[in-house]
Number of protein chains: 4
Amino acid sequence: MSPNVPSSVKNPEKVRTRRAQIIDAAVALFSQKGFHKTTTREIARASGLSNGAVYEYVQSKEDILYLVCKRIHKSVEEQLRLSLSEHALGAVRLRHAIKSFLHVMDAMKDDILLIYQESKSLPSAFLKEVLHDEENITRVFEQLLMDGIEDGSLRTAREGIPLLAHNIVVCGQMWAFRRWALHDVTFEQFSEMQIRMLMQACGADPQVIHGE
Amino acid sequence: MSPNVPSSVKNPEKVRTRRAQIIDAAVALFSQKGFHKTTTREIARASGLSNGAVYEYVQSKEDILYLVCKRIHKSVEEQLRLSLSEHALGAVRLRHAIKSFLHVMDAMKDDILLIYQESKSLPSAFLKEVLHDEENITRVFEQLLMDGIEDGSLRTAREGIPLLAHNIVVCGQMWAFRRWALHDVTFEQFSEMQIRMLMQACGADPQVIHGE
Amino acid sequence: MSPNVPSSVKNPEKVRTRRAQIIDAAVALFSQKGFHKTTTREIARASGLSNGAVYEYVQSKEDILYLVCKRIHKSVEEQLRLSLSEHALGAVRLRHAIKSFLHVMDAMKDDILLIYQESKSLPSAFLKEVLHDEENITRVFEQLLMDGIEDGSLRTAREGIPLLAHNIVVCGQMWAFRRWALHDVTFEQFSEMQIRMLMQACGADPQVIHGE
Amino acid sequence: MSPNVPSSVKNPEKVRTRRAQIIDAAVALFSQKGFHKTTTREIARASGLSNGAVYEYVQSKEDILYLVCKRIHKSVEEQLRLSLSEHALGAVRLRHAIKSFLHVMDAMKDDILLIYQESKSLPSAFLKEVLHDEENITRVFEQLLMDGIEDGSLRTAREGIPLLAHNIVVCGQMWAFRRWALHDVTFEQFSEMQIRMLMQACGADPQVIHGE
DNA sequence: TATGAATGAGGATTCATTCAT
DNA sequence: AATGAATGAATCCTCATTCAT
């Protein structure tokens, strides 16, 4: 399904730890200097491996970018799913999820920006997979919207769901990739206002919009 | 103020036409293959100039990227300003402006995506200027918001203006950079729904929200 | 027909002289150290060009090997054709040609050995062409054999012509690639004995076999 | 005398079997892709050993090439010696030997070609030894020529013996390394014609030349 | 102004060999 | 005796930029 990154090293435990080193180093370097301006030598040095060793765990520089993107998305999704609440009302659960998502986006600003700026350098099979990961995140919100519509806590048309979900996701990412333009706004302000706008767009009740 | 791109050619008319050739070629190539994978030779060939001639009108590859970004923003801003209406109500003028803006974004999808993906490769002085250009676009909407609040056609807090303006701009750009995810939504649907959400967030009257 | 080696330099005169430099350097280096152990840097340095300049005239290291093989074969064929005599009898003309050919092989020992040892490193399209060049040399002898049979000065079956021609060619090349084993034999001895054997195999008259 | 290939493994039986595995794998790979394009990893995998294990039985990649050449020559020589006849006349024994030799060359085409193309990559001490092995094969024919001269069944000068023997050997190898050029000739034709030419050159009686 | 040949630093990747386990 | 992970030097090729003409 999702394209594999082959490693010539067989021991899976080793592969896991070494790749973690590589990814850690690469995330930092790609964030700082961009994918193209980062050399594989720098990645090797920064990850504590030799030039050659890197290529035991990865087949190309692009593989590294892919692993980096994968890990970032995995982390986002995990954090998001972990934070989902159990409240009875869909609208409340949605509000909660948006809030959590914005926090995750804030915590992972640099990583999100990295994906925005560098994923276009991925070979198309990899790119497809990365976009697919993103869709999975969107789908979390689509589900919550559905729930809210079903239980009556959200009053909006079903057809609008995909776009609403997208708006939520982009809204979160925007905190990362528009940082330069939002420097006067604190995260608290941003979070509060955006939640209000989004919940209103979703047709939530005023009490829910304003957080009870 | 805005950093100059020096040219060793003196005749300003020549500089203008030659740079136009270079920019035309570069826009197409950067859109297609990205900044890093496009070579200056390719730009030279595609623009009908010799390798050396390009460097008579530009000092580096990054200069070209800068000129490209500049031209795109100039075009966006021009089209946007040309389309501003004269209606008495600020809210109506805003609605109109958003609609026009979305059309411009649709027409310039590729160019907007280009700026999103490649502007990080600009030297910081250039990047600053490009971001500044973007702010100018945002400012158009800030002014309209202000007008609407002043004339009472928009009921929202003054402090929210910058973020609302940003939301409008990002909303338009999103049509370009999230194309892959929005393939099921037609531009008409997108435009209508987003305008509604944004106008609602701005505190417009229902009639205005729905276009009279 | 014969595969081209593209050059990014347009001026054909320049291409000719620069490639000559490259080929000269490469022949010497390939002969000395072999194709694989010769680096492109060495070729560049030895030919008086910069690393990059070499790649203006050639697209890969294998292109260089191809040009080298081409030039060697061209030289062999030219020398061979120049030396063809006008004697009335085909057998005499053949004898003369073999003798000349052996002299050429002696003069070009190193080059012939080079082709023998390195041509397998050519991409197949190139290899085919190089083998084709060799066939052209063989064909010279096939024609002479034919002539001799026709005018009655050679008494042998037509069907044997291809193999006889091959024997002649291999016989000459052998002087190059079996040098190590023939060190006790002078070129004069070699030449005389081989000519005798070959002419006898072709069914020449004793006088012709022994050179009148 | 003949240079040793040291092994860090002591058990000679083990060394023999493991090296056999290595050589088998290497012969196939070298024939297919050439010495330089074959990696030691490939040899390890194909021989069922680990990367490291190969180096317990061999000290370098070139050692492997040497062992490969050795084994090929050993096989050629064995087959040749086994086929030597007991006929009273030297000329007949020679004819028989040539015929057998050609058959061996036909059976071992690929291996012979391998030696021709790759032996130049041997370190000089190894190369010398490989050439020496070849001389031993030549010497078989020298002896037969001597015998024939002595018993009067061959009428040729003693001084010509070395070159005649070489001609015989090259003639056989030619069937391997000129395959591409001889594709129209069947082995039977080739064999018959070459034997005739060679026996004639050796001064055999017509009956012997034509096989009684 | 324009040309296009020349430069040369730089970078991804490979692979024979070693060595800790 | 065997494994397979690690090493790091070595190599081909690219390409932004310069400069003689």
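Chain identifiers are assigned alphabetically (A, B, ...) following the order of the sequence lines, protein sequences preceding nucleic acid strands; residue numbering begins at 1 within each chain.
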Handout entry: C/Gln21 CD - E/dA5 P separation (whole Å)
Key = 14 Å

Practice task
Write down the distance between CG (C/Asn51) and P (F/dC12), rounded to a whole number of angstrom.
Solution key: 10 Å

Practice task
Round to a whole Å and report the spacing from NZ of C/Lys10 to C1' of F/dT21.
Solution key: 20 Å

Exercise for the section: Locate the shortest heavy-atom distance separating D/Thr40 from D/Tyr55; write the atom from each residue and the value. Expected result: CG2-OH, 3.6 Å

Exercise for the section: I would like to know whether C/Arg18 and C/Glu56 meet salt bridge (Lys or Arg N to Asp or Glu O under 4.0 Å); could you show each step before the answer? Expected result: CA-CA 10 Å; C/Arg18 291 306 201 195; C/Glu56 300 274 337; over 6 Å; no

Practice task
Not counting sequence neighbours, which residues clear side chain to side chain contact (heavy atoms under 4.5 Å, CB included) with B/Lys37? List them please.
Solution key: A/Glu62, B/Lys33

Problem - DNA chain F base-pair string [pairs: Watson-Crick or G-U under 3.5 Å; |: paired with another strand] - result: .||||||||||||||||||||

Problem - Rounded distance in Å - CZ (D/Arg19) to P (F/dA1) - result: 13 Å

Practice task
Would you mind telling me which of C/Asp111, C/Asp24, C/Asp133 makes a salt bridge (charged side-chain N to carboxylate O under 4.0 Å, His left out) with C/Arg71?
Solution key: C/Asp24

Practice task
Mind calculating the distance between CD (A/Glu13) and P (E/dT21) to the nearest angstrom?
Solution key: 17 Å

Practice task
Evaluate the criterion side-chain contact (heavy atoms from CB on, under 4.5 Å) for residue pair D/Ile43 and D/Thr38; output intermediate values, then yes/no.
Solution key: CA-CA 7 Å; D/Ile43 296 172; D/Thr38 300; 3.8 Å; yes

Problem - Residues forming a salt bridge (Lys or Arg N to Asp or Glu O under 4.0 Å) with B/Arg19, sequence neighbours excluded - result: none

Exercise for the section: Mind calculating the distance between CZ (B/Arg45) and P (F/dA16) to the nearest angstrom? Expected result: 12 Å

Practice task
Assign each of C/Glu62 and D/Ser50 to its nearest nucleotide of DNA chain F by heavy atoms, then name whichever residue's nucleotide is nearer the 5' end.
Solution key: D/Ser50

Exercise for the section: Mark yes when over 12 heavy atoms from residues, nucleotides or ligands other than D/Lys74 sit less than 6.0 Å from its NZ; otherwise mark no. Expected result: no

Practice task
Output yes when a side-chain donor or acceptor of C/Asn4 lies under 3.5 Å from a complementary backbone atom of C/Pro6, and no otherwise.
Solution key: no

Practice task
Check whether any side-chain N or O of C/Ser47 sits under 3.5 Å from a backbone N or O of C/Ala44 as a donor-acceptor pair, and report yes or no.
Solution key: yes

Exercise for the section: May I ask you to list the residues of residues 28-44 of chain C, by number, that have any heavy atom positioned under 4.0 Å from an atom of DNA chain E? Expected result: C/Arg41

Practice task
Could you please spell out the steps behind the salt bridge (Lys or Arg N to Asp or Glu O under 4.0 Å) verdict for D/Glu42 and D/Lys61?
Solution key: CA-CA 11 Å; D/Glu42 287 172 312; D/Lys61 198 184 169 190; over 6 Å; no

In residues 124-132 of chain C, what donor-acceptor pairs under 3.5 Å come from side-chain atoms, sequence neighbours left out?
| residue | atom | partner | partner atom | Å |
| --- | --- | --- | --- | --- |
| C/Glu129 | OE2 | C/Lys70 | NZ | 2.6 |

Practice task
Check each residue of residues 52-61 of chain D for a non-hydrogen atom within less than 4.0 Å of any atom in DNA chain F, then write out the ones that pass by number, or none.
Solution key: D/Gly52, D/Ala53, D/Glu56, D/Tyr57

Handout entry: Distance below 4.0 Å between D/Arg18 side-chain N/O and F/dA1 OP1 or OP2
Key = no

